[in-house]
Protein chains: 2
Amino acid sequence: MTKDSLLPLLTAHVLAHGLGGASLRPLAKAAGTSDRMLIYHFGTKEALIVDLLGHIAKVYAAALDAAMGGEPAATRADVVARILAHGDAPAMQPFMRLWWEIVAGAARDLPGYQLAAQAMMRELLGWLEGQMPAGDPDPRGGARYLMTVIEGTAMLTAVGHGDTAQQGLLAGGLLPS
Amino acid sequence: MTKDSLLPLLTAHVLAHGLGGASLRPLAKAAGTSDRMLIYHFGTKEALIVDLLGHIAKVYAAALDAAMGGEPAATRADVVARILAHGDAPAMQPFMRLWWEIVAGAARDLPGYQLAAQAMMRELLGWLEGQMPAGDPDPRGGARYLMTVIEGTAMLTAVGHGDTAQQGLLAGGLLPS
DNA sequence: AAGCGAACGTAGCAGTCGCTACATATCTGG
DNA sequence: CCAGATATGTAGCGACTGCTACGTTCGCTT
């Protein structure tokens, strides 16, 4: 029972129950161990969280890679539609709930949170650059532009203003009509 | 010592120390009371948080109203620049840190969080609509579009990807060059 | 003045927190 | 074959959690 075998189980638990309220004993039960052993392996709860965030970032990267397939999109609007569909998928929603906790932790400068969030955003940006339409005049800037729009849409959706974001995307010519 | 005189002091405490980790005794000390009295006034910690979120939304609305002044912007890019400057102001940063906790709570459907977040986004949307340039072809859709972009920028900034968002805004023609 | 309800302090409940001391197992290398 | 490292269980520490029981003080009304 090593760290690497523990991390997926811990990940599953925080995906289900959140990261902020996670405490050692429930985490340990989810991983089939005791709090004693978690401290033994990770040294500290804080170190555990840092390791866990790193692992979650890697899981996210793998999920993006798996969704990477398909030919490049025809238009920027198609790129947006494609990734919004990916984020709206039911399988992604536990991760989306977790994501906002990671953002909140990064905003408060908790150790490990910024690093994990930046890694995931870097991954998403790379994915977007690879998805940009073939003849796009500015794939590099365009990918950054789309990422900004997409994250804004995700946030508004999280607080129940998804329709507002949809209307904004439509007005910005970023939704296929 | 009524609820309404307590709420500003409680607000100051959560702005400084966060909302997720807030517990009754520190809150009470910040408000100059005891945990006993907080329960007496609000009935439950959960009810206190709900009331507090409602109050925070009102404070946010008032802050936006106060910043409302000035003639309408000349271009959409000016609107974006204006509100990003407002959000980057040092006085707004405790609120920004709190905001991501509110988003995370809304994403997890904690009681009161969605309501407060929606109220604040509604307020921001109204402010944006009032700030749209005079001759804008689609002020209503444009405001929603700008709000999506602005919130995306805020999120990327929170996780340390502010430069990425800047480049995106530039590529989208939403920053005055 | 008597009575009453709201406002408040003190003390404490049962439970959880991160973490540790201590005793054991189980495995590995000389 | 046995020393030493690695792994695990049990029990518990002190601090903190939300919340409550109980008693007191205050301002007000009748």
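Naming: A, B, ... by sequence-line order, numbering from 1 per chain. No experiment lies behind these values; they were computed from the predicted model shown.
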request  = Give one of base, sugar-phosphate or nothing for A:Thr33, where a contact means two heavy atoms less than 4.0 Å apart.
outcome  = nothing
task = Would you mind reading off the distance between B:Lys45 atom NZ and C:dG15 atom P, rounded to a whole angstrom?
result = 19 Å
key: Relative orientation of the end axes in the helix from C:dA1-D:dT30 to C:dG30-D:dC1, expressed as an angle to the nearest 10° (five pairs per end)   = 10°
Whole angstrom value for the distance that separates P of C:dG18 from CD of A:Glu46 = 13 Å
task = Could you tell me the separation between the CE atom of B:Met120 and the CG atom of B:Leu64, rounded to the nearest 0.5 Å?
result = 10.5 Å
message = Treating B:Thr2 as the side-chain partner and B:Ser5 as the backbone partner, does any N or O pair qualify as donor plus acceptor under 3.5 Å?
response = no
query = Is there a side-chain polar atom (N or O) of A:Ser23 under 4.0 Å from OP1 or OP2 of C:dT16?
reply = no
ask   = Distance check: side-chain N/O of B:His41 vs OP1/OP2 of C:dA7, anything under 4.0 Å?
value = no
Side-chain donor or acceptor of B:Arg108 paired with backbone N/O of B:Ala104 under 3.5 Å = no
remark   = B:Leu24 atom CG is separated from C:dG15 atom P, nearest whole Å, by 19 Å
ask   = What is the distance from CE of B:Met37 to C1' of C:dG9, rounded to the nearest Å?
value = 8 Å
query = Is the number of heavy atoms from other residues, nucleotides or ligands within 6.0 Å of NZ (A:Lys45) greater than 12?
reply = yes
Can you name the atoms? Protein N/O to nucleotides 13-15 of chain D N/O, anything below 3.5 Å, with the distance.
none

query = Roughly, in whole Å, what's the span from OH in A:Tyr40 to C1' in D:dT10?
reply = 17 Å
query = Is it true that a side-chain atom of A:Gln114 and a backbone atom of A:Ala106 form a donor plus acceptor pair closer than 3.5 Å?
reply = yes
inquiry  = Could you tell me how far apart A:Phe42 (CZ) and C:dC19 (P) are, to the nearest whole angstrom?
reply    = 13 Å
task = Examine distances only and state if a side-chain atom of A:Gln118 and a backbone atom of B:His161 form a donor-acceptor pair shorter than 3.5 Å.
result = no
message = What is the separation between atom NZ on B:Lys29 and atom C1' on C:dG9, rounded to the nearest whole Å?
response = 15 Å
request  = Look up atom CE in A:Met155 and atom CH2 in B:Trp99, then write down how far apart they are to the nearest 0.5 Å.
outcome  = 4.5 Å
key: Reported CD1-to-CD distance for the pair A:Ile49 and A:Glu46, which is rounded to 0.5 angstrom   = 9.0 Å
inquiry  = Considering every strand and a 4.0 Å limit on heavy-atom distances, what is the contact class for A:Ala22: base, sugar-phosphate, or nothing?
reply    = sugar-phosphate
key: Rounded distance (Å) that lies between atom C1' of D:dC19 and atom CG of B:Leu38   = 12 Å
task = Calculate, to the nearest 0.5 Å, the distance between atoms OG1 and CE belonging to A:Thr75 and A:Met132 respectively.
result = 9.5 Å
ask   = Taking the side chain from A:Gln131 and the backbone from A:Val79, do they hold a donor-acceptor pair closer than 3.5 Å?
value = no
Produce the list of close N/O pairs, under 3.5 Å, pairing protein atoms with atoms of nucleotides 20-29 of chain C; give distances to one decimal.
from: C:dA21; atom 1: N6; to: A:Arg36; atom 2: NE; distance (Å): 3.3

key: side chain to side chain contact (heavy atoms under 4.5 Å, CB included) assessment of A:Leu174 paired with B:Thr148   = CA-CA 11 Å; A:Leu174 289 172; B:Thr148 306; over 6 Å; no
query = Hey, is the main chain of A:Ala143 close enough, under 3.5 Å, to the side chain of A:Glu129 for a donor-acceptor pair?
reply = no
task = Please determine if a side-chain N or O atom of B:Ser34 lies less than 4.0 Å away from the OP1 or OP2 oxygen of C:dG9.
result = yes
